[in-house]
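Remarks on the structure that follows.
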Amino acid sequence: MKCTVLLWIGFLMFAIGCTNSDKNDQTTEAVDTAVAINAIDTAAEKDVLATVGTEILTALNAKDYKSFAAYFHPKKGVLFSPYGMIDRKNATQLTKANFLKIIEEHGSINWGSYDGSGDPIKLTAQKYLDKFVYNANYLHAEKTSFNEIIGKGNSASNLNEIFPDHPFLEYYFSGFDKKYDGMDWSSLRLVFEQYQSTYFLVAVVHDQWTI
């Protein structure tokens with residue numbers, strides 16, 4: 001009798017062990033599948049944004065500001081930051097309509113403050129874009145990245161704090177004149193948000209060496 005009971009206990013323990021093992025295997029497979037799907041989604045997002053980014057840079061390079069404005073977020077517009085440390089309180093945020101209006105009128109507005117002096121950056125949209133957006137041929141950038149900050153100087157970037165979970169592209173040049181030993185590096189970051197299954201710009205962040 002005792003032997004029979006022991007045999008039953010042993011069988012039940014073996015059966016429970018097999019069941020738990022099956023559950024663990026299923027859980028591991030589910031996690032692996034989720035990771036794989038996420039990797040595919042990320043790769044797809046990267047490819048889509050790479051194409052959108054090239055279209056935006058092509059428009060900026062051609063000074064085709066109407067085409068550039070077509071990528072503005074329909075509800076939020078676009079925040080423009082002249083430096084990597086985004087001053088959310090004073091940064092200029094423009095809707096598509098506002099942007100096209102100041103382009104057409106050639107009027108100067110305040111885009112923030114110059115690094116070092118603190119003087120207001122009062123420029124027309126065209127001059128701001130030349131100085132703090134497409135100040136280099138980013139269509140042929142030295143390096144590009146997806147969701148990764150490349151350009152790093154003596155001030156930090158707070159992009160991920162201001163725009164958490166927002167995908168972005170960076171276009172980077174390490175410098176243009178050897179005598180500056182890399183202190184003339186320059187970056188352009190395009191930040192996106194999905195709206196009705198389409199990616200739109202929500203921020204254009206220029207970055208460079210600051211004082």
Point to revise | Side-chain (Asp119) to main-chain (Tyr114) donor-acceptor, under 3.5 angstrom | key: no

Point to revise | Minimum heavy-atom distance Gly151-Glu170, with the two atoms named | key: N-OE2, 2.8 Å

Review point. Taking all non-hydrogen atoms of both residues, which atom of Thr92 and which atom of Asn110 are closest, and how far apart?
Key: OG1-O, 2.8 Å

Check your understanding: With hydrophobic residues grouped by side-chain heavy-atom distances under 4.5 Å, do Leu100 and Leu201 end up in a single group?
Key -> yes

Point to revise | Between NZ on residue Lys127 and OG1 on residue Thr124, distance to nearest 0.5 Å | key: 5.5 Å

Practice item. Decide if atom OH of Tyr180 counts as having more than 12 heavy atoms of other residues, nucleotides or ligands within a radius under 6.0 Å. Key: no

**Study point:** Flag, side chain of Asp207 to backbone of Gly84, donor-acceptor distance under 3.5 Å
**Key:** yes

Study note, to complete from the structure: Applying ring pair (Phe, Tyr, Trp, His ring centres under 6.0 Å) to Tyr199 and not counting sequence neighbours gives none

Check your understanding: If two hydrophobic side chains count as joined below 4.5 Å and joins carry through other members, does Val52 share a cluster with Phe99?
Key -> yes

Check your understanding: Just wondering, do Leu79 and Ile86 contact through their side chains at under 4.5 Å, heavy atoms?
Key -> yes

Check your understanding: Quick one: does Phe173's side chain get under 4.5 Å of Ser187's, heavy atoms only?
Key -> no

Practice item. Give the minimum heavy-atom separation between Gly53 and Tyr171, together with the two atoms involved. Key: CA-OH, 3.4 Å

Practice item. Check whether the side chains of Thr95 and Asn98 place a donor and an acceptor atom closer than 3.5 Å, and report yes or no. Key: yes

Point to revise | Gap between atom CG of Leu139 and atom OG1 of Thr144 - 0.5 Å precision | key: 11.5 Å

Check your understanding: Would you say Gln93's side chain and Lys76's backbone share a donor-acceptor pair under 3.5 angstrom?
Key -> yes

Exercise for review: Grab the two heavy atoms, one from Ser186 and one from His206, that are nearest each other, plus how far apart they are.
Suggested key: OG-NE2, 3.6 Å

Exercise for review: Output the distance between atom CG (Asp64) and atom CD1 (Ile56), rounded to the nearest 0.5 Å.
Suggested key: 12.5 Å

Point to revise | Met183 with Ile149, same ILVMFWY side-chain cluster at under 4.5 Å | key: no

Check your understanding: Are the side chains of Leu129 and Tyr134 in touch, meaning some heavy atoms are under 4.5 Å apart?
Key -> no

Check your understanding: Do Tyr65 and Ile102 have side-chain heavy atoms sitting under 4.5 Å apart?
Key -> no

Exercise for review: State whether the side chain of Gln126 and the backbone N or O of His106 hold a donor-acceptor pair below 3.5 Å, judged by distance alone.
Suggested key: no

Check your understanding: Is there a chain of hydrophobic side chains (I, L, V, M, F, W, Y, each step under 4.5 Å between heavy atoms) that links Val191 to Val78?
Key -> no

Practice item. Could you tell me the separation between the CE atom of Met85 and the CG atom of Asn158, rounded to the nearest 0.5 Å? Key: 4.5 Å

Check your understanding: In this structure, are over 12 heavy atoms from other groups packed under 6.0 Å from Asp177 atom CG?
Key -> yes

Check your understanding: So, the side chain of Tyr83 versus the backbone of Asp115: is there a donor-acceptor pair under 3.5 Å, distance only?
Key -> yes

Review point. Is the centre of the Phe200 ring less than 6.0 Å from the centre of the Tyr71 ring?
Key: no

Point to revise | Side-chain donor or acceptor of Glu142 paired with backbone N/O of Ser174 under 3.5 Å | key: yes

Point to revise | Centroid separation Phe80 to Trp111 less than 6.0 Å | key: yes

Exercise for review: Only counting residues at least two apart or in another chain, list the ones meeting salt bridge (Lys or Arg N to Asp or Glu O under 4.0 Å) with Lys66.
Suggested key: none

Study note, to complete from the structure: In terms of heavy-atom contacts, Glu148 and Phe168 come closest through N-CZ, 3.2 Å

Check your understanding: Taking Thr198 for the side chain and Gln194 for the main chain, is one N or O donor matched with an acceptor at less than 3.5 Å?
Key -> no

Check your understanding: Is the number of heavy atoms from other residues, nucleotides or ligands under 6.0 Å of Glu104 CD greater than 12?
Key -> no

Review point. Can you tell me how far the CG atom of Asn147 sits from the CG atom of Leu169, to the nearest 0.5 Å?
Key: 8.0 Å

Practice item. Before giving the answer on side chain to side chain contact (heavy atoms under 4.5 Å, CB included), spell out for Ser157 and Lys152 the whole-Å C-alpha distance, their side-chain angles and the decisive distance to 0.1 Å. Key: CA-CA 8 Å; Ser157 167; Lys152 296 176 182 178; over 6 Å; no

Practice item. State plainly whether one hydrophobic cluster holds both Phe146 and Val202, where clusters connect Ile, Leu, Val, Met, Phe, Trp and Tyr through side-chain heavy atoms under 4.5 angstrom apart. Key: no

Review point. Quick one: do Lys63 and Asp130 make a salt bridge, cutoff under 4.0 Å?
Key: yes

Check your understanding: So, is the end of the Arg88 side chain (NZ or CZ) under 6.0 Å from the ring centre of Phe163 and within 45° of the ring's axis?
Key -> yes

Check your understanding: Step by step, would you call Tyr138 with Tyr172 a ring-ring contact (aromatic ring centres under 6.0 Å, His included)?
Key -> CA-CA 7 Å; Tyr138 291 111; Tyr172 168 82; 9.5 Å; no

Exercise for review: Taking all heavy atoms of Lys122 and all of Ser108, pick out the closest pair and write down the distance.
Suggested key: CG-CB, 4.0 Å

Check your understanding: Is the distance between the ring centroids of His166 and Phe192 less than 6.0 Å?
Key -> no

Check your understanding: How many angstroms lie between NZ in Lys101 and CG in Leu94, if you round to the nearest 0.5 Å?
Key -> 11.5 Å

Review point. Heavy-atom distance under 4.5 Å between the side chains of Val48 and Glu45, does that happen here?
Key: no

Review point. Any side-chain heavy-atom pair from Thr54 and Thr51 closer than 4.5 angstrom?
Key: no

**Study point:** From CA spacing to verdict: side chain to side chain contact (heavy atoms under 4.5 Å, CB included), Asp184, Trp209
**Key:** CA-CA 7 Å; Asp184 57 341; Trp209 187 268; over 6 Å; no

Exercise for review: Give the C-alpha distance, both sets of side-chain angles, the deciding distance and a yes or no for side chain to side chain contact (heavy atoms under 4.5 Å, CB included) between Leu57 and Leu188.
Suggested key: CA-CA 10 Å; Leu57 295 180; Leu188 178 65; 3.8 Å; yes

